[in-house]
Amino acid sequence: MRDQQTLTGGCHCGAVRFEVDAPKTFTVDECNCSICEAVGYLHLLVAKEDFRVTQGEDALTDYRFGSGEARHRFCSICGVKSFYIPRSHPNGVAVNGRCLDDIRVEDLTIVPFDGRNWEANVAALRERKPDGV
């Protein structure tokens, strides 16, 4: 049995809500690629089976760019990307740590990731993530 907790979160307007089973202690990745840096995204990567949209699936819209592999999911009402399917871990979900309820950014352990040089660094990112993601 994994030492897990269930966290909740969502977009700014509340149309999209989710639950995520995450380790009791976790880190988030701060990527400096063009999209993550622009929106201040903090990645909590979990396996798909540990993530559930509980409200607002119909309010979500997708954005893909570059290779088109990452599936960026945005609330079509307020525009917030609270989670997405990452190119680096297609069997996972990257939750935005800033969109978790009752979590303060200053309490998170943030690990920098050089996404500007994604191809050169993605192997190290894949190696330090949990099995099944």
Side-chain angles (χ1 to χ4, degrees):
M1 179 89 179
R2 299 181 299 179
D3 191 19
Q4 298 273 99
Q5 61 182 328
T6 299
L7 302 170
T8 60
C11 66
H12 183 259
C13 72
V16 176
R17 299 290 301 157
F18 63 82
E19 291 180 342
V20 58
D21 298 328
K24 293 265 186 195
T25 304
F26 61 87
T27 61
V28 292
D29 295 305
E30 184 174 38
C31 177
N32 66 355
C33 77
S34 61
I35 193 167
C36 293
E37 190 169 66
V39 300
Y41 206 92
L42 297 175
H43 303 254
L44 167 60
L45 187 63
V46 299
K48 279 186 182 178
E49 61 267 16
D50 291 333
F51 178 84
R52 298 162 299 285
V53 174
T54 58
Q55 176 183 302
E57 183 72 40
D58 59 334
L60 289 167
T61 189
D62 285 1
Y63 172 64
R64 295 178 188 229
F65 69 98
S67 70
E69 293 176 53
R71 185 177 177 198
H72 300 270
R73 314 276 339 257
F74 290 85
C75 173
S76 62
I77 299 165
C78 68
V80 168
K81 178 174 76 168
S82 53
F83 66 93
Y84 78 106
I85 311 303
R87 174 180 169 195
S88 63
H89 294 81
N91 294 321
V93 176
V95 174
N96 188 346
R98 296 180 188 276
C99 293
L100 294 168
D101 298 335
D102 305 318
I103 300 286
R104 298 175 342 144
V105 171
E106 54 268 25
D107 294 334
L108 291 172
T109 301
I110 299 172
V111 178
F113 174 70
D114 183 9
R116 286 185 187 149
N117 300 294
W118 195 86
E119 296 296 339
N121 295 307
V122 70
L125 181 65
R126 287 182 177 136
E127 285 175 10
R128 63 183 178 82
K129 291 303 172 186
D131 292 337
V133 179

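- Ion pair R87/E119 flagged as a salt bridge, since at least one NZ, NE, NH1 or NH2 atom sits closer than 4.0 Å to an Asp/Glu carboxylate oxygen.
- Side-chain atoms of L108 and T27, non-hydrogen and from C-beta on, never get closer than 4.5 Å to each other.
- With respect to R17 and D101, a salt bridge is recorded, a charged nitrogen being found less than 4.0 Å from a carboxylate O.
- Counting heavy atoms from C-beta outward, D114 and N32 have side chains that approach closer than 4.5 Å.
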Residue pair F74, Y84: steps toward the ring pair (Phe, Tyr, Trp, His ring centres under 6.0 Å) verdict
CA-CA 8 Å; F74 290 85; Y84 78 106; 9.1 Å; no

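- Between the SG atom of C31 and the OH atom of Y41 there is a distance of 11.0 Å, given to the nearest 0.5 Å.
- A 6.0 Å sphere centred on CG of D107 holds more than 12 heavy atoms belonging to other residues, nucleotides or ligands.
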Side chain to side chain contact (heavy atoms under 4.5 Å, CB included) between V105 and I110: does it pass, once the steps are laid out?
CA-CA 9 Å; V105 171; I110 299 172; 4.2 Å; yes

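- Side-chain contact between L7 and F26 is present, with at least one heavy-atom pair separated by less than 4.5 Å.
- Looking at C75 and I77, their side chains come closer than 4.5 Å, going by heavy atoms from C-beta outward.
- The structure places OG of S88 at 11.5 Å from CG of N121, a figure rounded to the nearest 0.5 Å.
- What you find for A22 and L44 is that their closest heavy atoms are CB-CD2, 4.1 Å.
- Looking at heavy atoms from C-beta onward, F18 lies in side-chain contact with L100 at the 4.5 angstrom threshold.
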Verify salt bridge (Lys or Arg N to Asp or Glu O under 4.0 Å) between E57 and R52, making sure each step is shown before the conclusion.
CA-CA 10 Å; E57 183 72 40; R52 298 162 299 285; over 6 Å; no

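- Contact of the H43 side chain with the V28 side chain is not registered, since no non-hydrogen atoms from C-beta on lie closer than 4.5 Å.
- Taking each heavy atom of P86 and L45 in turn, the nearest pair found is CG-CD1, 3.8 Å.
- Criterion: ILVMFWY side-chain heavy atoms under 4.5 Å apart, direct or through other members. Under it, I103 and V16 are part of a common hydrophobic cluster.
- A donor-acceptor pair is defined here as one N or O able to donate and one able to accept, closer than 3.5 Å; such a pair exists between the side chain of S76 and the backbone of A59.
- D50 contributes no side-chain N or O that, together with a main-chain N or O of V46, makes up a donor-acceptor pair within less than 3.5 Å.
- The distance from atom OG of S82 to atom CZ of R98, rounded to the nearest 0.5 Å, is 14.0 Å.
- Between the side chain of N96 and the main chain of F83, no donor-acceptor pair closer than 3.5 Å is present.
- For the atom pair D21 CG and E49 CD, the distance stands at 9.5 Å (nearest 0.5 Å).
- Cation-pi geometry between K48 and F51 is not met at under 6.0 angstrom from the ring centre and within 45 degrees of the axis.
- Looking only at distances, no side-chain donor or acceptor of D62 sits under 3.5 Å from a matching main-chain atom of R73.
- Here the side chain of D29 pairs no donor or acceptor atom with the backbone of F113 at under 3.5 angstrom.
- The distance from atom OG1 of T109 to atom CG of L42, rounded to the nearest 0.5 Å, is 11.5 Å.
- The closest donor-acceptor contact from the side chain of R64 to the backbone of R71 lies at 3.5 Å or more, if one exists at all.
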